[in-house]
Structure formats: structure tokens, C-alpha cells
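So the structure is just underneath, and the comments pick up after that.
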Amino acid sequence: MKITLKDGSVKEYENAMSVYDIALDISEGLARAACCGKVDGQVADLRTVIDHDCELAVCTANDEEGLAAIRHTASHVLAEAVKNLFPQAKLAIGPSIETGFYYDFDHESFSREDLDALETEMKKIIKAGAKLERFTLPRDEAIRFMEERSEPYKVELIRDLPEDAEISFYRQGDFVDLCAGPHLMSTRGVKAFKLTSSSMAYWRGDSDKARLQRIYGTAYNKKEDLAAHLERMEDAKRRDHNRLGREMELFTTVDVIGQGLPLFTPKGTRMIMKLQRWIEDLEDKEWGYVRTRTPLMAKSDLYKISGHWDHYKEGMFVLGDEETDKEVFALRPMTCPFQYYVYKNTQKSYRDLPYRMSETSTLFRSEDSGEMHGLTRVRQFTITEGHLVIRPDQAEEELKGCLDLAYYVLSTLGLQDEVTYRLSKWDPENKEKYLGDDNYWNSTQDALRTVLREKNVNFVEADGEAAFYGPKIDIQARNVYGKEDTMITIQLDCAIAENFDMYYVDQNGDKVRPYIIHRTSMGCYERTLAWLIEKYAGKFPTWLCPEQVRVLPISEKYEEYAARVLKELRARDIDAEADYRSEKIGFKIREARLARVPYMLVVGAQEEEEGLVSVRSRFAGDEGRKSLKEFLDQICEEIRTKEIRQEQPQEEGK
């Protein structure tokens with residue numbers, strides 16, 4: 001057989017060979033570094049036997065697949081350690097993930113002390129260096145094997161497999177786990193790891209199933225790489241909006257109000273309002289939108305027309321019971337069907353299109369309690385939602401316009417380099433979930449693909465991520481922990497107008513069905529605020545800050561002048577406060593810096609006498625004395641242009 005290697009060279013063998021043996025034949029060094037293989041592009045265990053012509057890449061820790069194999073092996077080492085220290089714990093699942101690995105156990109909660117003890121036990125297991133041996137069993141034998149070991153979750157996983165399936169296991173010493181692999185050749189290959197946290201999880205992600213305990217960890221091939229990762233994680237914790245946003249008093253949550261229902265404090269509210277006023281003015285005055293205001297709920301009849309009742313009812317808050325109540329209402333999870341009736345309020349001709357409607361919409365979605373997190377996944381949120389009713393010949397231009405608007409918003413916020421683009425398509429294997437036929441989906445997906453390519457946007461494609469009525473462009477971003485969320489979406493819908501009998505009159509006097517673009521210009525205000533908190537670690541651009549200037553009188557003697565300065569600032573619509581506390585000026589400056597206020601104006605005898613302010617900023621430290629007018633002109637221009645000033649490192653105490 002002929003084996004084509006990654007560099008294009010070809011190896012020939014008379015007999016079948018494992019991936020590991022081929023690596024060993026190439027060089028002992030490669031075999032020592034090998035973590036897994038890729039056979040014709042598919043990840044394969046090192047023990048996989050090759051008996052045919054193929055392309056083979058031997059993956060090391062420098063490859064994504066190789067690092068995943070290290071982490072997967074580390075998860076098995078963790079599972080063995082848990083069984084050693086907590087024999088009554090039951091094993092669930094333990095995959096590698098993008099940032100490391102986790103393993104779920106049916107066990108009481110794990111403390112930090114427990115994790116430390118488990119790390120010590122894992123080091124013993126790794127030092128022992130047991131080989132990982134793969135073996136298989138027929139399904140029935142595999143079930144009995146795991147039943148004898150009292151592992152009910154493993155038994156359930158096996159029962160879900162086909163009756164003729166051959167089930168694979170990995171043994172390391174006395175520990176055995178159900179697993180498809182791939183794995184390293186021995187536990188000794190796990191060289192640098194750390195257990196980072198533990199939390200509650202549901203079996204198979206279903207809140208109606210058993211509550212488990214999940215231990216998270218990470219692993220690398222080198223201690224230096226692990227140390228760098230842990231430092232990144234510490235920085236992530238410092239930037240985590242769920243902690244920092246509360247620390248900065250931007251939002252809070254209260255148990256008696258409920259999960260996913262954040263309360264915005266005056267500071268957080270001020271930031272949301274700045275974003276909202278900007279977006280509304282931008283859309284209405286510069287991008288040709290009309291603004292609507294529609295109800296927060298509707299009868300089930302509306303959602304049945306739109307299709308949401310059949311396709312999305314489980315994600316809605318329903319008020320009433322169809323079996324017993326005359327009318328059943330639901331809080332709206334989207335605005336589109338409401339705006340369709342705004343469009344239908346008057347007859348439109350082809351000259352009236354595109355008809356661009358936008359609304360600052362408060363929406364409600366019945367998210368699972370296990371999915372709630374800070375401001376990124378909530379049950380009530382507000383969104384910059386818009387719907388463009390267009391002629392078919394306007395689709396390409398309007399889709400490009402939506403992309404341009406989204407990019408402009410991202411650029412203004414300084415987030416344009418933080419995002420990726422995804423073409424979210426239907427799942428042709430589950431057609432019952434969608435409106436329209438193959439031709440409809442192929443044509444609409446092609447239209448979005450063409451627009452992305454013509455705008456020179458790099459994008460990936462994902463099956464099964466479309467809305468039930470059409471494909472979409474999703475603009476994605478990752479939080480500080482690497483989890484990806486959709487920030488902005490642009491959807492093409494060529495089907496729903498039929499449901500609502502929407503039409504326009506063309507130049508021949510005929511009624512024609514329009515197309516509809518569903519889009520957001522910035523997305524969800526809550527999620528965007530979370531993103532901004534993490535991006536800037538709370539040090540927002542001046543125009544967005546809830547407090548832009550703090551006036552600091554040196555002593556009580558200069559409070560009257562400080563009050564006059566404060567009045568002038570507020571007269572120019574600058575969000576300013578004054579610190580009149582009887583504290584030393586150094587203390588006041590440090591407090592303002594900790595509060596991440598962009599500008600501090602120190603005022604004393606010379607400033608009052610000459611009408612000056614002594615300017616300190618996050619950006620340049622001590623900027624010297626300036627006339628109040630000069631400072632006002634400077635900051636007003638910075639706010640007007642939404643400038644993002646770069647911060648310079650400041651010496652402690654400066």
C-alpha cells in the first residue's frame with residue numbers, strides 16, 4: 001500500500017500498519033511526539049491500522065487535532081483520579097473542548113480543595129505511565145460490562161447505539177472508560193495540565209435530566225504554554241462582564257425577579273440609552289428607516305400565521321391555555337409579524353420600496369435556566385430590529401447595505417476586528433423544520449453567498465443554523481472565555497410574505513409578493529454591552545462612558561469653582577460629577593482612576609484665579625493646565641466623533 005505523507009512524499013508498505021508504527025518508521029522523534037493521525041482528512045487514533053492507499057498526516061501537539069488528543073487523554077486521567085478518590089462517583093462524559101477538557105460526574109459538588117487533591121492524584125497516575133489500550137466489545141457485552149461496573153450513564157450511551165455496533169473502550173491500568181478516542185499511547189504524554197473550575201451541569205444538557213458535577217481543566221504539551229493560557233484565563237476573569245459589570249454598578253440581578261432578567265442601574269441605563277439614541281438617529285436620519293412601535297404581546301393567531309407557533313412555541317412565554325381559554329396570548333420573541341401589519345396598513349407601489357422599518361424592540365424568549373449567563377443569554381432583551389420590504393431586484397443592493405451598516409456600527413464601537421462571519425444554512429436532512437423547498441433554500445443561500453463574496457468578506461458555512469423561514473448571515477463574536485455568540489444577523493426571507501398576504505403594486509398594476517430582509521444593525525443591547533465591557537475591561541471610549549469627567553477640588557475652598565466647572569460641563573451635555581469629599585487629592589485621583597473615569601479635572605488656587613483646569617486622563621496621564629473652553633472643545637469633539645483614544649501605560653501613582 002502507498003501512504004502519501006503531509007509533505008507529499010510517499011511511503012510503501014507490504015503489510016497493514018498502525019498510524020503509530022508508520023510514524024515510528026519515519027523517525028523515532030516523530031513517534032515520540034505523535035498524538036494522533038489524520039487518514040484521508042479524518043482524525044484517527046494512533047492505534048488505527050491502515051491497510052489501503054491513503055493520505056496520512058501524523059499530528060503532534062503543534063496541531064489542533066494533536067492538542068485535542070492530549071486533552072482527551074487528560075480527561076480520562078481525571079476520571080481515573082475521581083474514581084480513586086471518590087469511588088461512589090458515576091462517570092458521564094469527558095470530551096476535549098476548544099480551551100481544554102471537562103468531565104461530568106454524578107457526585108456531590110467538588111470544592112477547590114477537592115480539585116487540588118485530584119490534581120495530585122492525576123500527577124501520580126501520569127507518573128505511573130500506564131499504556132492506554134483500546135479494545136472493543138459487541139453491544140450486549142458492552143452493556144453488561146458497564147452494568148457490572150455500576151456505570152448507568154455509560155450503559156445509557158451504549159443502549160442508544162445500533163444493535164450491531166461494535167463498542168470501543170480504552171484501558172489504562174485498572175481504569176476502563178467507554179470512548180471512541182483518539183488518545184495518546186500512555187498517560188505519561190500528559191505533561192502540563194490544570195483543573196480550573198467545577199460547576200453544575202445537566203445530563204445530556206437537558207434540565208429535566210440528572211444534575212451532574214462538571215470539572216473543567218486544560219492541558220498543554222509544555223508548561224510554558226500552560227502558564228500563558230492560565231494568564232489569559234486570569235485576564236478573562238478580570239474582564240468577565242458578569243463580574244466587572246456588577247463591580248462597576250452597571251447592572252445586577254435579583255433572585256426574586258428571576259434568572260435572565262437583569263436590572264440596569266443608572267450607570268448601565270445611561271450607556272444603553274447612549275447606544276439606543278445613536279442607533280435610532282443613525283438608522284432614521286442616515287440610512288432611510290422609518291420607526292415603528294408595536295405591542296409586546298399578541299394573540300396566538302398572529303404566531304400561527306407567521307409559523308412561529310409551530311416552529312418556535314417552546315421558546316415563547318405563552319399566557320393562557322388553548323384547551324380552556326378563549327384567547328391565548330404570548331409575549332413576542334420577535335417583531336417581524338407586527339411590522340408586517342404596519343407595512344400592510346397602506347397599499348404600497350413598487351416606487352415605495354424598499355420600505356425599511358426599524359424598532360427598538362423588547363423581546364422575550366424562554367431560555368433554559370442552565371443557559372443563563374450575565375447579559376449574554378437572558379430572557380428579556382432589547383434589540384435593534386429591522387425589516388426591509390423590498391422588490392426582488394433590490395435584494396442584492398439592500399443586503400449589501402445591511403452589511404455596510406453593520407460594519408459601520410462595529411467600526412464605530414471598535415469591534416470590527418473582533419468578529420467572524422457565518423452563512424447559516426438549512427439542514428437538508430431535516431426539511432420538516434423549514435418553510436420552502438430545495439429550490440427556495442438553494443437560491444436564497446446562493447444570494448447571501450454572492451453578497452458576502454462580492455463584499456470580500458471571509459466567512460464559513462454552517463448547516464442547520466438558519467431560521468425556519470430563510471438563511472442568514474450571522475456576525476459572530478467570542479467572549480473572554482472563547483464561547484461564540486451571534487451579535488448581528490441579516491436574513492433573507494422570500495417566503496413569509498405569502499402567509500401575510502403582503503404585496504406591492506408593480507408598474508403594470510399587478511400585485512407582487514415582496515421579499516423581506518430581517519436584520520439588526522447592532523444586535524441586542526444587553527449582549528453588546530457585555531461585549532463592550534469585556535473588550536475594554538470597563539475603560540470605554542469617552543462618548544459611551546456613564547461618567548465622562550470628574551471634577552476634583554483640592555480642598556473645600558475651591559468647591560464653589562468646582563461647582564461652576566461642573567455646571568459648564570453639564571451645559572455641554574457632558575456626563576460629569578464632582579468629588580467634594582474631605583479627602584486628599586491623591587486619594588480622589590486614585591478613586592477616579594479605579595472608577596475608570598476618562599477625565600479628571602483638578603482645580604485649586606491657580607486654576608480658579610486663571611479660569612483653568614488641570615487635566616488628567618486615562619489616555620495620557622497628566623495633560624497639564626488648559627482653559628476650560630479649550631478642554632470643553634476638545635472633549636466635545638471627541639464625543640461627537642466617537643473617537644477611541646488609545647491609552648498609554650501609566651506609572652503607579654501618576
Side-chain angles (χ1 to χ4, degrees), residues 260 292-348 355 357-368 371 378-383 385-390 424-441 444 464-472 486 489-504 511-520 524:
T292 66
R293 185 178 175 86
T294 56
L296 298 181
M297 63 180 179
K299 294 194 297 184
S300 60
D301 306 52
L302 177 70
Y303 305 116
K304 289 174 182 177
I305 295 171
S306 68
H308 288 93
W309 201 253
D310 291 332
H311 294 273
Y312 199 75
K313 184 181 176 183
E314 295 303 313
M316 298 166 64
F317 288 104
V318 177
L319 311 176
D321 188 328
E322 287 187 287
E323 299 295 326
T324 59
D325 296 328
K326 190 173 182 180
E327 290 184 327
V328 175
F329 287 78
L331 299 179
R332 65 179 184 184
M334 78 304 294
T335 312
C336 42
F338 297 86
Q339 288 193 328
Y340 299 156
Y341 283 100
V342 173
Y343 173 84
K344 282 166 60 70
N345 187 51
T346 58
Q347 182 172 286
K348 306 291 191 300
Y355 190 73
M357 296 173 285
S358 189
E359 182 167 331
T360 302
S361 305
T362 298
L363 306 178
F364 306 85
R365 295 184 183 173
S366 183
E367 299 280 3
D368 182 75
E371 296 295 319
V378 292
R379 287 174 170 152
Q380 175 184 309
F381 57 94
T382 302
I383 195 167
E385 192 166 20
H387 296 90
L388 291 72
V389 185
I390 61 174
S424 296
K425 305 184 295 183
W426 76 326
D427 179 2
E429 301 299 319
N430 293 285
K431 297 180 181 180
E432 70 281 356
K433 292 168 52 179
Y434 305 92
L435 300 178
D437 57 17
D438 289 30
N439 289 334
Y440 169 77
W441 282 92
T444 51
E465 296 293 336
F468 69 85
Y469 47 77
K472 53 183 179 168
T486 299
T489 187
I490 301 166
Q491 306 171 14
L492 178 60
D493 179 352
C494 306
I496 205 72
E498 182 76 26
N499 295 29
F500 287 87
D501 191 28
M502 297 171 67
Y503 66 87
Y504 64 91
K511 293 181 178 180
V512 180
R513 297 291 182 210
Y515 289 175
I516 297 166
I517 297 174
H518 308 242
R519 52 97 270 181
T520 55
C524 166

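Just so it is clear, the values below take in all heavy atoms, side chains as well, and ignore hydrogens, waters and symmetry mates. One-based numbering along the sequence shown.
- Contact annotation: the side chain of V389 never approaches that of K348 to less than 4.5 Å [non-hydrogen atoms, C-beta and beyond].
- At a threshold of 4.5 Å between non-hydrogen side-chain atoms, the residues R519 and S358 count as touching.
- Between M316 and L331, the shortest heavy-atom contact is CE-O, 4.5 Å.
- Looking only at side-chain heavy atoms (C-beta outward), E465 and T486 stay at 4.5 Å or farther from each other.
- When only modelled atom types and interatomic distance are considered, T292 and Q339 share a side-chain donor-acceptor pair under 3.5 Å.
- Across every non-hydrogen atom of Y503 and P514, the tightest pair is CA-CD, 3.8 Å.
- Note that the OG1 atom of T489 and the CD atom of E385 stand 10.0 Å from one another [nearest 0.5 Å].
- Here Y303 contributes atom OH and M334 contributes atom CE; the two are 6.5 Å apart, rounded to the nearest 0.5 Å.
- Closest heavy-atom contact between C524 and I383: N-CG1, 3.9 Å.
- Between R332 and L363, the closest side-chain pair of non-hydrogen atoms falls below 4.5 Å.
- Relative to the six-membered ring of F500, K344 misses at least one condition, a distance below 6.0 Å or an angle of at most 45° to the axis.
- To the nearest 0.5 Å, atoms CD (Q347) and OH (Y504) are separated by 13.0 Å.
- Annotation: salt bridge (charged side-chain N to carboxylate O under 4.0 Å, His left out) contacts of K433 (sequence neighbours excluded): none.
- In this structure, E323 places its CD atom where only 12 or fewer heavy-atom neighbours from other residues, nucleotides or ligands lie under 6.0 Å away.
- Of all the heavy atoms in T362 and L296, the pair that sits closest is O-CD2, 3.8 Å.
- The distance between the ring centers of F364 and F317 does not fall below 6.0 angstrom.
- Using a 4.5 Å heavy-atom cutoff, the side chains of E359 and F338 are not in contact.
- For the pair R365 and F381, the minimum side-chain heavy-atom distance is below 4.5 Å.
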> Yes or no on ring pair (Phe, Tyr, Trp, His ring centres under 6.0 Å) for Y343 and H387, after CA distance, side-chain angles and deciding distance?
Replying inline: CA-CA 10 Å; Y343 173 84; H387 296 90; over 10 Å; no

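- Between Y434 and D427, some side-chain heavy-atom pair lies under the 4.5 Å cut-off.
- The two residues D325 and G320 make their nearest non-hydrogen contact at OD2-CA, 3.1 Å.
- Every residue two or more places apart in sequence or in another chain was checked for a ring-ring contact (aromatic ring centres under 6.0 Å, His included) with W309, and none qualifies.
- Considering SG of C494 and CG of L435, their distance stands at 12.0 Å, rounded to 0.5 Å.
- Two residues are said to be in side-chain contact when any heavy atoms from C-beta on lie closer than 4.5 Å; Y340 and I305 fail this criterion.
- Residue K304 places its NZ atom among more than 12 non-hydrogen atoms of other residues, nucleotides or ligands, all under 6.0 Å distant.
- Atom-to-atom distance recorded for I516:CD1 and C336:SG is 8.0 Å, nearest 0.5 angstrom.
- Once rounded to the nearest 0.5 Å, the distance linking CD1 of I390 with CG of L492 reads 6.5 Å.
- Taking every heavy atom of both residues into account, A466 and P471 meet most closely at CB-CA, 3.9 Å.
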